[in-house]
Protein chains: 2
Amino acid sequence: MHDRRHSGLPDLESLMGQFHAYLSKKQLKSTRQRDLIAQKFFAAHGHISIEELLNLSRAENPRIGYATVYRTLKLLAECGLAAQRRFGDGQTMYETAGDTEHHDHLICIECQHVLEFQNDDIEHEQERVARSFGFSLVRHRLELYGLCPRARGIKGGWCPNEEQRKLSD
Amino acid sequence: MHDRRHSGLPDLESLMGQFHAYLSKKQLKSTRQRDLIAQKFFAAHGHISIEELLNLSRAENPRIGYATVYRTLKLLAECGLAAQRRFGDGQTMYETAGDTEHHDHLICIECQHVLEFQNDDIEHEQERVARSFGFSLVRHRLELYGLCPRARGIKGGWCPNEEQRKLSD
DNA sequence: TTCGGTGCAAATAATTTGCAGTGGT
DNA sequence: ACCACTGCAAATTATTTGCACCGAA
């Protein structure tokens, strides 16, 4: 149902390629900083905040500043490679938005973590709704908020938060 | 399909009642300012920004300040009567979120206007997805972005923007 | 060599908070 | 009367901008 995520994903090289193509089309320049930030961003291919991205980038180049991260992310958004998202109260997050791939979000309101999923039935139904109003559908956003098994009090229940921790250690 | 908006909506009185119930349960006080802001908010029962709400409230009581509006909206959100929403880049918007009623959004990316709709098939499928991850679903947000008939270039096409204007005159 | 890019610090914008006085209960 | 609430202004936080210097084309 959603393992598309792990196969058809554009690879880093192709994403960087798209980015560079956009820059040169607009007569803008490729710089170390932009490349570094874009690579970190693509590598994280999930949800990342400006601050996290800054920290990742500073690990390799400590002199990178907030402004450059903001500016680079704005470029990435312009060329459709990043999408701005503002969940609950927290900071603004960005995510990769390759054309081929789309996912929706399932968010635990207790541990705050975010799972991605994809469901074709929902997508089709959305198409139908839009058509029924005479609209042509361009894009959408679907976020489900709920409680993960752990938060629901299921003992030994699985929690996306911890899952994530395990993966990143 | 969406004329439910004009029938089953909780009325102002009932909404104010829920608000007051919440306040007294929490041993908080009902004040003129809170009542005024809440009423303006419910009356607008669509999407409204802090600033718009402040202006509406100031029309009746010019001394209302931003802080009070923020604080009141936070209370309304706590008791489930308001929901914070951050669309594109603009300001944060709030909308009424009565328990009985739920709607999703269909937004024209050209004329910026927002239609509400409700589709049970999608709702059910969302439930199923959440369950398949072991989540219990609490609430969701669905926004469809597209082009309205007019924007698609259909001559004489219908445009939610103008529709709205007609209704509110 | 030429502009656009970068880093920093200062500017803005959005939201929150401290406090002295006001007002529900 | 008590303690929460309000309005204001100051504080915080997130994001943008101005500018002198740097570096890709």
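Reminder, nothing fancy here: chain letters follow the sequence lines and each chain counts from 1.
Side chain to side chain, B/Glu143 and B/His105 fail the donor-acceptor criterion of an N or O pair below 3.5 Å. Checking A/Glu125 against B/His124 by side-chain atom types alone, no donor-acceptor pair falls below 3.5 Å.
A heavy-atom distance below 4.5 Å is not found between the side chains of A/Phe135 and B/Leu144. Two residues are said to be in side-chain contact when any heavy atoms from C-beta on lie closer than 4.5 Å; A/Asp104 and A/His140 meet this criterion. Looking only at side-chain heavy atoms (C-beta outward), B/Lys40 and B/Ile48 stay at 4.5 Å or farther from each other.
The base of C/dG7 sits with one of its N or O atoms less than 3.5 Å from a complementary donor or acceptor on the side chain of A/Arg71.
With distances taken from any side-chain atom of B/Arg32 to the nucleotides D/dA9, C/dG7, C/dG23, the minimum falls on C/dG23. If you check D/dG7, D/dA4, C/dG7 against the side chain of B/Leu28, the one that comes closest is D/dA4. For A/Ser30, the listed nucleotide lying nearest its side chain is D/dA25; candidates were C/dG4, D/dA25, C/dG7.
A sub-4.0 Å separation between OP1 or OP2 of C/dA14 and a side-chain N or O of B/Thr92 is absent. For C/dT6, one of the phosphate oxygens OP1 or OP2 lies less than 4.0 angstrom from a side-chain nitrogen or oxygen of A/Thr31.
The distance between atom CG of B/Leu75 and atom P of C/dT16, rounded to the nearest whole Å, is 12 Å. Rounded to a whole Å, the CZ atom of B/Arg63 is 18 Å from the P atom of D/dC5. Regarding B/Gln27, its CD atom lies at a distance of 11 Å from the C1' atom of D/dA4, rounded to whole Å. Rounded to a whole Å, the CG atom of B/Leu54 is 13 Å from the C1' atom of D/dC8. Atom pair B/Lys74:NZ and D/dT6:P shows a separation of 14 Å (rounding to whole Å applied). Between the C1' atom of D/dT15 and the CD atom of A/Gln84 lies a distance of 10 Å, rounded to the nearest Å. The distance between atom CD of A/Glu60 and atom P of C/dT6, rounded to the nearest whole Å, is 16 Å. Following rounding to the nearest Å, A/Gln33 (CD) and C/dG5 (P) show an atom-to-atom distance of 11 Å.
As judged by a 4.0 angstrom heavy-atom cut-off over every strand, A/Lys26 is placed among residues making no nucleic acid contact.
Looking at which nucleotide of DNA chain D each of B/Leu23 and A/Tyr66 is closest to, the 5′-most match is held by B/Leu23. Each of A/Arg34 and B/Tyr70 lies near DNA chain C, and the nucleotide nearest A/Arg34 is the one positioned closer to the 5' end.
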